[in-house]
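Every chain is numbered from 1, with letters handed out A, B, ... down the list of sequences. Just so you know, these numbers come straight off a predicted model, no measurement behind them.
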Amino acid sequence: MMQDIKKWAFGSLWLFILTIPFLGIINALYFLVSLIVLAILWFIYKPFEQNILDVQSKLLQLPMPSIRWSLYFVIAILVLILPFISDQYITNVATSAITYIVLALGLNIVVGFAGLLDLGYVAFYAVGAYSYALLSTKAGLSFWAVLPLSAIMAAIFGIILGFPTLRLRGDYLAIVTLGFGEMIRITLNNWDSVTGGPNGILNIKGPATLGLSFSQPHHYYYLIIIIGIFTIFAVNRLNNSRIGRAWVAIREDEIAAEAMGINIVKMKLLAFALGASFAGIAGGFFASKMKFVSPESFTFFESVIILCMVVLGGMGSIPGVILGAVVLIILPESLRGFQNYRMIIFGAAMVLIMLFRPQGFIGGVRRRLELHPEDEKILKQETESLYDVKQK
Amino acid sequence: MMLNKNNILLETKNITKTFGGIHAIEDVNLHINKGEINALIGPNGAGKTTLFNCITGFYPPTKGRIIFNGEDITGLKPHQIAETGMARTFQNIRLFAEMTVMENILIGSQCRYRMTLLGAILNDKRTKNEEREISRKALQYLRFTGLSKFANHLARNLSYGDQRRLELARALATEPKLLLLDEPAAGMNLNETKGLMELIKKIKDEEITILLIEHDMRMVMKIADTITVLDHGIKIAEGTPKEVQKNEKVIEAYIGRRRRTA
Ligand SMILES: Nc1ncnc2c1ncn2[C@@H]1O[C@H](COP(=O)(O)OP(=O)(O)OP(=O)(O)O)[C@@H](O)[C@H]1O
Ligand SMILES: [Mg+2]
């Protein structure tokens, strides 16, 4: 409790002082007041936190699958009819949000599951986008042929990055991956004859199918929904598989994982390659939608934002990462009215979340394993009989 | 000690490991018979853990060969050695802290199954059946080690003694022929040590050979069939507990060390 009060006091004061030069003293004071209001709300919420967490983990865990499914159902309907109940602007924002969901889920494989801190993830997004741009403009291939090729190209680059960094961990890995990301961007910027340098590549063809050529925002919106569903499905399956478990084991303790027969080299490279391939798909989609790619879209800042989505949402948790991506795209958009304060509020929100929920929105809730019903019964009986013995 | 060639599960030939100038172990020849409990003892810094690390592939030995189950396994990677049928625990517990107890054991029991990307994503019938076998095995080892009631607890929330037990369960789940335990009783109270001894005997009854590093002499003398003594990286004695207890060099190594540290 005291600790929390201290955290709030220092945090608010620090943000207050930091914002004076931007906002002027009066506005900064308003800002401070709103922080204090937030703090009070926090302390009202705090005593109920355990209850809320319990409810949350119950919702995420066993019973009431019907509630969970109806929730998913409602979200699915809303997502599907969005272009009809809103305008083009919102459809575009939603398209971008789902693109980032794909990116964040891909990065989540590397950072969240396998525990490899990658600060150059945007490089694979760039490789995907440029692969698409080049194959589409120079080789004249169609969208459906190029998209998988973008994924494969990005996966190859993932392995190229993975090899020299296999022995690195934590900070060292972060620095090397950061360098790799910049290297790709600088190469794209300077290799004029192929990439068009800072001018980028223009006139990229969009997808076309069954006589429909994609021109409207909602065409792309439905396309990215299909890509997004595929990504969520694949990443979820991976998470619940032997491969997913092996990744988490490596994240938790590499040496113990090796002693348990896990091939660390193979699994790390697989994580890099798969993570990158989702970025490659997102990159291909991005190029086809924008009709234009240039190195500007693939700066270090992008890597940071995608990483924030993963960390903020809750590392390793798929719903968490999805929520993180949605919040980080929608929050800055919805703050457009605040003009200059936008990034400050955004930054402040991030700092506060990390101070008070370091595990992210939906992190730290380890899902209970779903066993075969029969095995589940056996386990339950056994657990109960053990407790019986204890009580006697 | 019987040295029946067909009965030897693990043999090290002149294993040597140096770190810079330090000879952590030197020319150690070890013979481990199938089905026995073997203890590896010696004062602190004698090189016991280093020998474990060489056998399980974590350190490449500077010199020497390791023969396991008739095969030369020198130079294999730790994960390959695990596949040949060796499992170990660590002196300082190494669990997957943020995974549940069940998941920790699943990592062990999935060791005997192939991991394929296609299988993971399609989740086909075969993958499903294998998954079920894996979790059945894990449940079996949960029961065997008495951890069933903690199945869904995070590993880091277990008590110290239970964490040691879990590390053992996880190693057992890989279905090893040889189990290497590095000071399993360290830090345990009397009750926990007693439980552990019973568990080790139960493992022996399953026809799993055990190599055990242990400082608790009472425990070693009670459960070991044979004992190997290391001092300053050199094997100074081997034999039955009775033989080793009477060995002059062993007494010298232990008492000498005690005098030095006192
Ligand atoms: N990775 C390493 N690098 C350098 N020296 C090492 C390394 N590992 C072990 N040593 C040295 O090798 C010697 C033997 O260490 P080892 O850990 O094998 O002893 P031990 O018998 O397991 O002791 P304890 O009973 O304290 O666990 C020690 O002198 C130690 O300092
Ligand atoms: Mg040791």
Mind listing the closest non-hydrogen atom pair of A:Ala256 and B:Arg170 along with its distance? CB-NH2, 3.8 Å

Whether over 12 other heavy atoms sit under 6.0 Å from B:Lys77 NZ: no

Under 4.5 Å, heavy atom to heavy atom, which residues of residues 263-273 of chain A contact chain B? A:Asn263, A:Met267, A:Leu270

Could you tell me if the side chain of B:Leu117 sits less than 4.5 Å from the side chain of A:Leu274, heavy atoms only? yes

Atom OH of A:Tyr172 with >12 non-hydrogen neighbours under 6.0 angstrom: no

Where on B:Ala97 is there a heavy atom nearer than 4.5 Å to chain A: the side chain, the backbone, both, or neither? both

Results of ring pair (Phe, Tyr, Trp, His ring centres under 6.0 Å) for B:Phe68 - residues two or more places apart only: none

Would you mind checking if B:Glu131 and A:Arg245 are paired as a salt bridge, meaning a charged N to carboxylate O distance below 4.0 Å? yes

Does the pair A:Val248 and B:Phe96 meet the rule for a side-chain contact (heavy atoms from CB on, under 4.5 Å), with working shown? CA-CA 8 Å; A:Val248 178; B:Phe96 307 122; over 6 Å; no

Comparing B:Glu130, B:Arg114, B:Lys128 against chain A, the one with the most heavy-atom pairs below 4.5 Å turns out to be B:Glu130

Is the shortest side-chain N to carboxylate O distance from A:Arg251 to B:Glu98 below 4.0 Å? no

Looking only at B:Thr174, B:Asn123, B:Leu122, the option with the highest number of non-hydrogen pairs under 4.5 Å against chain A is B:Asn123

Nearest heavy atoms of A:Leu238 and B:Ala120, plus distance in Å: CD2-CB, 4.2 Å

Verify, without hydrogens or angle tests, whether A:Glu258 (side chain) and B:Pro78 (backbone) share a donor-acceptor contact under 3.5 angstrom. no

Shortest non-hydrogen contact between A:Arg242 and B:Ile134, atoms and distance: NE-CD1, 3.5 Å

Which heavy atom in B:Ala82 sits nearest to a heavy atom in A:Met260, and how many Å separate them? CB-C, 4.2 Å

Flag the pair A:Ile243 / B:Thr116 as yes when at least one side-chain heavy-atom distance between them is below 4.5 Å, and no otherwise. no

